[in-house]
Amino acid sequence: MSKKEISKIDSEVAEWLKKINKAEEHYADYHKLIGDIRKYYRNETKRDKQNIFWSTVETLKPFLYFTQPKPYVERREKSTDKVHNLACRMLERALIWDLEQFDFDSVIKYARNDFLLGGCGLVIERYRPSFGLIEDMNGNTLEVKIDEQVNTEYVDPIYFIADSDKVGIWEDCRWFALKHYMSFKEACQYFDEDICFDMKEAQDKGVKSFEVYEIWDKESGRVLYVSKSSPYKFLRVIEDGLTINGFYPMPKPLFATTTNDSIIPIPDYSQLKPLLDELDGVTTRMEKTMKAIKISGCYDNAFPELGNILNKDITLVSISDFDRLKSAGGIKNIVDFMPIEQYINALQSLASRRQDIISAIYEITGVSDIMRGSSNATETATAVTKKTNFGTLRNQDRQNDMQRFIGEIFRIKAEIICECFDKDKLLAFLPKEERLQPEALLAVELLKSDKLRDMVLGIESDVRFGEGDKAKNNIEAITTIHTMIGQAFDIVSKQPALLGLYRQMIGGVVSCLSNARQYENVLESCFDKIAAELSAPEPVTPTQPDKQIMALEIEQRKNEQDYAIKKEQNEIKKAELLFKQNQENNKNLLTNKEMELQTALKIKGKDGDISTGMVKNFE
């Protein structure tokens, strides 16, 4: 590398370090505010306060995100193309498998918590291949990839900075950087030896960890690693990184209150801080007032026995001069107590003010009493439902933003899977019988070349809030679909041209269901079969014969049957006669033979009996 090129790199590193220093100054107050909010949330600053901020955040947590969603992939345009359908199933199963390889649910909850506290939730997608050593046929040891996955990793907003030079919205952000703290050993595993040599000198001077900035520069399409400990060169430069739509492997962060002139959000805590400070002050005063409310007073020292009369719940005190006590008007004229009415009135006023402050905090944050599970017993079900819907409506925008955030995570993850996963790995996500189909290889090639083109990536998630209304709407929708199908059957049978219209109408009603996807594929298949049946040629139906002709045919068939029966009977009689004739002939032959034998015996003068009963004996 020439001196001119080295000088150019040195100046570029210096320029990036200058940008980082400027961005850190721009984010310094915000990062400090995040630290203060976390301490307040953990109740580390004033342990005697009523932490209504903690209660508010805990209430909003499950409203924004409470269970891990499931991704699904389908074609943008419904069709029966086997290659595209296999590609969708392959990618969907790859996403589901990838989410099972790490604790995705916890990562999203970390980002959700940061969003509710500091006003910014961040995650980043990392492609993580794993390698192993094998030996080839020649005995050489080779390092090969044995597995791969895409992890969703949590990013702490304190270690995040972004382009702050005339950037008002996230879409205009040209770069962002993540700060990492690395030990010398970790740096040596990740960077080249010459970099480690420079860090070794810093370590010898007492530096235990090094600040390394990971910069994603959208304009150059590079990933840069720089450190203030090595200000003259890049620690590492990745030129051919991931080709993700939008370049960043990070979804647009979850931002709280923002304006169009800055991407640094304003946490909800900043909006609530005046009320929270006042609430802490009122709570402190109430505690002090409660301490002041106690029984205290004085008594006549002529009766020292009364000094300990209040030490026990039930006490009888022995008085040496009881007659004098009675003459003085009893204990009420000897003992006098300090007044506490003013303290009680002050305490009541403070309690009323504290409740007003809490109500104001709930109004600002959108946490209504019905969402916290408390409502007036006299309220009707309709009134309670309206209050719930109002509270839900106020936070619906943030809930939608959380859905958008998770959807972008799945999109980025899907793009990385399509780009980086081996073909054999992608093919393995299909069932064994489908892998052997020739369309399976074409589906893999489709994912490698087109990624998510012509595909829709969505989220299936359970909904708890408003579940009763959604169940009611689902039942109404199913009833409507059933009625429409019954009406459409008669109309479409007479007018097949209206099939497309009813297909769109019924499909629109199905899309309103909370879990429409399980019905859509079946519905499309049913409509395809109906269309095929309507387009098939009508079978030729034979004309109805005349009644007289039918009667003649029946009479003819009857005569034919009678003739066949009589013919069969004649054949049977003929066979019987033939059998009797043969039997008679056989009897005559046997008789003649017997006579011949008996005659022969007589001539020879021998005795014998060969009679068969057919011929009488000779005398």
Side-chain angles (χ1 to χ4, degrees), residues 18-41 53 56-57 59-61 63-65 108 110-124 154-179 215-219 246-248 250-278 360-367 390-409:
K18 183 179 178 180
K19 290 181 180 179
I20 288 174
N21 290 332
K22 183 180 178 180
E24 285 184 327
E25 292 177 1
H26 195 62
Y27 275 82
D29 293 339
Y30 174 64
H31 289 165
K32 182 180 182 301
L33 179 60
I34 292 177
D36 295 339
I37 294 172
R38 289 175 176 177
K39 290 180 180 179
Y40 188 90
Y41 176 75
F53 179 65
T56 302
V57 171
T59 302
L60 291 175
K61 277 182 179 180
F63 184 81
L64 292 180
Y65 174 84
I108 299 301
Y110 298 152
R112 176 203 62 186
N113 297 347
D114 282 341
F115 167 66
L116 292 173
L117 293 178
C120 182
L122 299 164
V123 298
I124 190 170
Y154 163 71
V155 176
D156 193 332
I158 290 180
Y159 302 129
F160 172 83
I161 57 175
D163 184 11
S164 58
D165 187 13
K166 298 179 181 180
V167 174
I169 58 177
W170 175 256
E171 288 72 18
D172 293 339
C173 181
R174 291 163 295 193
W175 63 271
F176 73 83
L178 305 178
K179 186 195 300 186
I215 304 169
W216 287 78
D217 182 22
K218 183 187 288 188
E219 291 185 337
F247 180 69
Y248 295 146
M250 171 188 290
K252 179 183 177 181
L254 289 169
F255 286 135
T257 303
T258 56
T259 55
N260 293 341
D261 58 355
S262 176
I263 61 173
I264 297 180
I266 302 172
D268 293 349
Y269 173 84
S270 298
Q271 312 290 350
L272 301 173
K273 191 175 186 307
L275 290 174
L276 293 173
D277 291 342
E278 184 179 357
I361 291 174
Y362 286 161
E363 285 296 325
I364 292 175
T365 58
V367 180
F390 177 71
T392 304
L393 182 63
R394 295 184 63 184
N395 289 281
Q396 190 65 53
D397 185 56
R398 289 188 170 185
Q399 199 175 49
N400 292 339
D401 199 31
M402 175 62 76
Q403 295 293 317
R404 185 270 313 163
F405 182 72
I406 297 174
E408 287 189 17
I409 292 174

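All figures in this text were calculated on a predicted structure; none of them were measured in a lab.
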Which heavy-atom pair separates G118 from Y30 by the least distance, and what is that distance?
O-OH, 2.8 Å
Side-chain (E408) to main-chain (K252) donor-acceptor, under 3.5 angstrom:
yes
For the pair H31 (side chain) and P157 (backbone), establish whether a donor and an acceptor sit closer than 3.5 Å, ignoring hydrogens and angles.
yes
Side chains of I108 and I409, heavy atoms from C-beta outward: is any pair under 4.5 Å?
yes
How about C120 and L254: do any of their side-chain heavy atoms sit closer than 4.5 Å?
no
Mind checking the CZ-CG spacing from F255 to D401? Nearest 0.5 Å is all I need.
9.5 Å
Would a 4.5 Å heavy-atom cut-off, applied to side chains only, mark I37 and F53 as touching?
yes
CD1 of I161 to CG of N21, rounded to nearest 0.5 Å, is 8.5 Å
Neighbour count >12 (heavy atoms, 6.0 Å) for atom NZ, K61:
yes
Is F115 close to P265 at the side-chain level, that is, under 4.5 Å between some pair of heavy atoms?
no
Minimum side-chain heavy-atom gap W175-E219 below 4.5 Å
no
Using atom types as modelled and distance alone, determine if a side-chain donor or acceptor of Y110 lies under 3.5 Å from a backbone N or O of V155.
no
Taking all non-hydrogen atoms of both residues into account, name the closest pair between V123 and P251 and its distance.
O-CD, 3.6 Å
Determine yes or no for a side-chain-to-main-chain donor-acceptor pair under 3.5 angstrom, with R112 supplying the side chain and Y65 the backbone.
yes
Minimum-distance pair of heavy atoms, taken over all atoms of K218 and G246
CE-O, 3.6 Å
Might you point out which heavy atoms bring L276 and Y40 nearest each other, and give the distance in Å?
CB-OH, 3.5 Å
Step through the shown structure and confirm whether more than 12 heavy atoms of other residues, nucleotides or ligands are within 6.0 Å of NZ on K32.
no
Shortest non-hydrogen contact from P253 to F405?
CA-CE1, 4.4 Å
I'd like to check D163 versus F176 (side-chain heavy atoms, cut-off strictly below 4.5 Å). Are they in contact?
no
Y269 (side chain) donor-acceptor with I34 (main chain) under 3.5 angstrom:
no
Is a side-chain N or O of D172 found less than 3.5 angstrom from the main chain of G168, in a donor-acceptor match?
no
Straight-line distance of L60 CG to D268 CG, nearest 0.5 Å:
8.0 Å
Please report the interatomic distance NZ(K19) to OG(S164), rounded to the nearest 0.5 Å.
10.5 Å
Before accepting this row, confirm whether a basic side-chain N of the pair D156/R38 lies closer than 4.0 Å to the acidic partner's carboxylate O.
yes
Heavy-atom closest pair (L178 atom, F160 atom, distance to 0.1 Å) is CD2-CD1, 3.7 Å
Look only at the side chain of R174 and the backbone of D165, and say whether a donor-acceptor pair between them is shorter than 3.5 Å.
yes
side-chain hydrogen bond (donor to acceptor under 3.5 Å, both in side chains), paired with N400, selected from Q403, R404, Q396
Q396
About how many Å separate CD1 of I263 and OH of Y27, when rounded to the nearest 0.5 Å?
3.5 Å
Could you tell me if the side chain of S270 sits less than 4.5 Å from the side chain of L33, heavy atoms only?
yes
